[in-house]
Protein chains: 2
Amino acid sequence: MNIGTAATQTGLPVKTIRYYEEIGLVTPDRRANGYRDFSDTCVEQLRLLAQARHLGFSLEECRRLLALSADEGRASRDVRALAQQNLEAVREKIASLTALETQLEGLIAQCHGDDDPDCAILDDLMGLRGN
Amino acid sequence: MNIGTAATQTGLPVKTIRYYEEIGLVTPDRRANGYRDFSDTCVEQLRLLAQARHLGFSLEECRRLLALSADEGRASRDVRALAQQNLEAVREKIASLTALETQLEGLIAQCHGDDDPDCAILDDLMGLRGN
DNA sequence: CTTGACCCTCCAGCGGCTGGAGGCCCTATC
DNA sequence: GATAGGGCCTCCAGCCGCTGGAGGGTCAAG
């Protein structure tokens, strides 16, 4: 299967697939004319990559997921641990973004938002109010 | 004031300050020996940068904030609009991360997490369950 | 006069792609 | 058999926001 077909089947851009090969996540065969030839297995790996990236796994985590998926003797515990780790990272990001949201809301509430140059947001950013 | 002092006063790393100069966010003077010389105004701008970055503004947004802070004839409306825009971006990020959190929780709940190689997470990632 | 902390510039790399240049290959049509 | 259009190839550069390191100059203290 050509890279274009693999792309439509997985939803990944062609460029991204080539990049994944470059960093050793997938290793498609090559035809005589130099074209990549994607086996069904390879496309499955790409699908795993697409899905896992979608779920916020880093490419290094994806690499481990791929290794686990290829290892018939794996323990599901290990996969779960990876997912748990990712979940915790996601939760941390949510927490810090939520803190940020609150701060921004506070600032915005204090700013008149009119023609006047006097602005509580700028005052805060320049440290004129207690920080 | 030397860059090191500016760094401790603003909490920004020296490298970052040099980078901010490189992209034209600040323009410290230069001494005869080539050392950067930071005025109080310049340090204030760095503080604004530090604080705004901390609040999730992009460097381009920071550039606009700096322009507004330097413009005595500004309208606070414009500052507020920038902050509002940033707030909305933050909220969008939170929303997508929360969706992700839910999905991950669901997957993790389905995985036994034992010695068995059979794993609902991998099954899902490879599209074996209705994705 | 030497040590060590500071400062300088320039180049390279992180993650995860993305765009573009410049060129080969393949199929279809005339 | 020529040509047009698409798809494929490689390689290089750039996005954001820094960060690290090499290789050097400068300055104050002992």
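What you are looking at is a predicted structure, and each value in this text was computed from that prediction instead of being measured. Letters A, B, ... mirror the listed sequences (proteins, then strands); counts begin at 1.
- Close to C:dG16, at under 4.0 Å from its OP1 or OP2, lies no side-chain N or O of A:Thr16.
- Heavy atoms from other residues, nucleotides or ligands lying under 6.0 Å from CG of A:Asp40 number 12 at most.
- A salt bridge links B:Glu105 to A:Arg91: at least one charged side-chain nitrogen sits closer than 4.0 Å to a carboxylate oxygen.
- Side-chain atoms of B:Asn86 come within 3.5 Å of backbone atoms of B:Leu55 as a donor-acceptor pair (strictly under, hydrogens ignored).
- End-to-end axis angle for the helix from C:dC1-D:dG30 to C:dC30-D:dG1, using five pairs per end and rounding to 10°, comes out at 30°.
- A:Glu21 and A:Arg30 are joined by a salt bridge, as a carboxylate oxygen and a charged side-chain nitrogen come within less than 4.0 angstrom of each other.
- Between B:Ile23 atom CD1 and D:dG17 atom P the separation is 8 Å, expressed in whole Å.
- B:Glu22 places its CD atom 10 Å from the C1' atom of C:dC10, with the value rounded to the nearest Å.
- Of the candidates A:Leu122, A:Asp116, A:Asp114, A:Asp118 forms a side chain to side chain contact (heavy atoms under 4.5 Å, CB included) with just one, namely A:Asp116.
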Kindly give the atom pairs (protein nitrogen or oxygen, nucleotide nitrogen or oxygen) under 3.5 Å for nucleotides 6-10 of chain D.
residue : atom : partner : partner atom : Å
D:dG7   : N2   : A:Tyr35 : OH           : 2.8
D:dC8   : OP1  : A:Gly4  : N            : 3.0
D:dC9   : OP1  : A:Arg36 : N            : 2.7
D:dC9   : OP1  : A:Arg36 : NH1          : 2.8
D:dC9   : OP2  : A:Arg18 : NH1          : 2.6
D:dC9   : OP2  : A:Arg36 : NH1          : 3.1
D:dC9   : O5'  : A:Arg36 : NH1          : 3.3
D:dT10  : OP1  : A:Arg30 : NH1          : 3.2
D:dT10  : OP1  : A:Arg30 : NH2          : 3.3
D:dT10  : OP2  : A:Arg36 : NH1          : 3.2
D:dT10  : OP2  : A:Arg36 : NH2          : 2.8

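- Here B:Arg63 pairs with B:Glu60 in a salt bridge; the nearest charged N to carboxylate O distance falls below 4.0 Å.
- With A:Ile17 as reference, A:Thr10 is the one residue of A:Val43, A:Leu25, A:Thr10, A:Leu49 to meet the side chain to side chain contact (heavy atoms under 4.5 Å, CB included) rule.
- Remark: A:Arg77 engages B:Asp115 in a salt bridge, criterion side-chain N to carboxylate O under 4.0 Å.
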